[in-house]
Amino acid sequence: MNEDNPFYDPLRFERRVPPCIVAIFGANGDLARRKLLPALYRLAFERRLPPGFAVIGNSRSRMSDDDFRSTMRDAVKEFLEDSPFDESRWDDFAQGIFYVAGDVHEPELYPELKSRLADVGRQRQTGDNVLFYLSTAPSLYEAVVDRLGEASLSRGEGWRRIVVEKPFGHDAHSARSLSRGIQHAFPEDEIYRIDHYLGKETVQNILAFRFGNGIFEPLWNRRYVNHVQITAAETIGVEGRGAYYQEAGAIRDMIQNHLLQVMATVAMEPPSAFEPIEVRDERAKLLRAIHVMTPAEVDANAVAGQYGPARIGGEDVPGFRQEPGVAPDAPTDTYAAVTLLVENWRWAGVPFYLRTGKRMPKRVTDIAIQFNAAPHRLFASTDGDAGPWLRPNLLIVRIQPEEGISLRFLSKQPGSGMKLRPVSMDFNYGASFGARSPTAYETLLLDVLAGDSTLYTRQDMVDASWAVVQPILDVWASRKFDFPNYPAGSWGPKAADDMLARNGHSWRTS
Ligand code: BG6
């Protein structure tokens, strides 16, 4: 499929971006300011974008091109992650930035956008290739795609693509209806549903680790793996996003998308080729193989939590219900933990525990593959301590903030007798490569511009993920939880510990 695409590089060493315009809806919003513009600037800084490149921003605020450039300059300076801001490179890049003001509901916006796309396209020689980026409030997605279709903006001489940000729907039903709306205007292979976790270097490295090496894959199954823990813990609260978060909750915000995609990457079968169709087919198959809970199974396999106020490091931290924009009786989950089972030969009976929470004691995203203990305790009589046997081999894939992989194993303690102690072998990105890693948005923007959808999700994957969380959402919607049930700064509600304890397991906290 990609052989006809001169900008597609199957070896993934370099992306070549064709001339094009990126048209961003919601261009004055948080995502554009914090992530999209800094990523585009950084790509320009590294000369990864072609001379024929432009950005057209749209939002409701009345602004000139110059006003928009100056707002974006401030945003890029503020939010560039670990890289320098270069005034002269910015000035070059900013010459290709334009702005069209207007409410996405107003039909007049679209003819204006069309003529601006044509003008800017001529001026910057962008070959009529346009990427639309939906970075508005999700409730506006359908209106924008409908109007783009009606105004024939979704078709042209060059290519037309659209990136859709999460949340992709509010539940299984709304996700399907949104999808139908978008597919009405754009063909499926031009729709890019973004999940920024798939663009993280460390998540991509799971594929390299599993399928680029010969020694791990033979162990990667129910015979050797005891269970898997996937954790995404954040120390922050809802940071001014109370109104959005109150409607979403942790399971929709993190598990339905990011953590299920990470799980799919960890557990999928080896694809036959590193091509978009093959990789996405395997991810989708894995998501479909996750056991969909019956309502009766939900209580034993899913835990909801909400943080309450606490005093941390001498400071008073508000509870979720005291955050701005949040109702004093909000029933929202700010913590969610689930036990998932995969119904296939490789994983039958191996629990995958996923958890995420706001206001946890530390920021950490990692995957822990817990292997079975050695089948025979050869040293049990001499080590005189059962402790180490309770800590069998553990492989930790550290997604962030530390990036790397560690393998824990038992080793003989120096001295007489056979006393064993767990030690660890570590790979650390910074130490091994030295170079700065691109941010997830840099990677994913480059991919969509080059027409590579490998790291984007597909409608069948979105549907399968909703199918997994929907029964939990349904049961939780009818429950009255006794919230708050964990203090800010702690590892979540006790019920989450109990859930693992029933299987003889416990959450890692270090
Ligand atoms: C977003 C969620 O998708 O991911 C946020 O909406 C969350 O609530 C964020 O904080 C986490 O992303 P990262 O890259 O910081 O782990």
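Ligands are counted one by one from 1 in listed order, and the atoms in each one are counted from 1 as well.
- For the pair Lys200 and Tyr197, the cation-pi test (distance below 6.0 Å, angle within 45°) is passed.
- Atoms of ligand 1 found under 4.0 Å from any heavy atom of Gln400 (numbered from 1 in listed order, with element): 13 (P), 16 (O).
- With ligand atoms numbered from 1 in the order given, ligand 1 contributes 13 (P), 14 (O), 16 (O) to contacts under 4.0 Å with heavy atoms of Lys200.
- In this structure, Thr365 falls outside the shell of residues with a heavy atom less than 4.0 angstrom from ligand 1.
- Ion pair Asp171/Arg252 not flagged as a salt bridge, since none of the NZ, NE, NH1 or NH2 atoms sits closer than 4.0 Å to an Asp/Glu carboxylate oxygen.
- Proximity to Lys166 (heavy-atom distance under 4.0 Å) selects the following atoms of ligand 1: 1 (C), 2 (C), 3 (O), 6 (O).
- We find that Glu188 and Arg193 are joined by a salt bridge, their nearest charged nitrogen and carboxylate oxygen being less than 4.0 Å apart.
- Proximity of the aromatic rings of Tyr353 and His505 is defined here by a centroid distance below 6.0 angstrom, and this criterion is met.
- The aromatic ring centroids of Phe211 and Phe209 lie 6.0 Å or more from each other.
- Taking the ring centre of Phe216 as origin, the terminal cationic atom of Arg210 falls outside the region bounded by 6.0 Å and 45° from the ring axis.
- Protein heavy atom closest to atom 11 (C) of ligand 1, with residue, atom name and distance, is Glu234 OE2, 3.7 Å.
- Within ligand 1, counting atoms from 1 as listed, the ones closer than 4.0 Å to a heavy atom of Lys358 are 5 (C), 7 (C), 8 (O), 10 (O).
- Applying the 4.0 Å criterion to heavy atoms of His258 picks out, from ligand 1, the atoms 1 (C), 3 (O), 4 (O).
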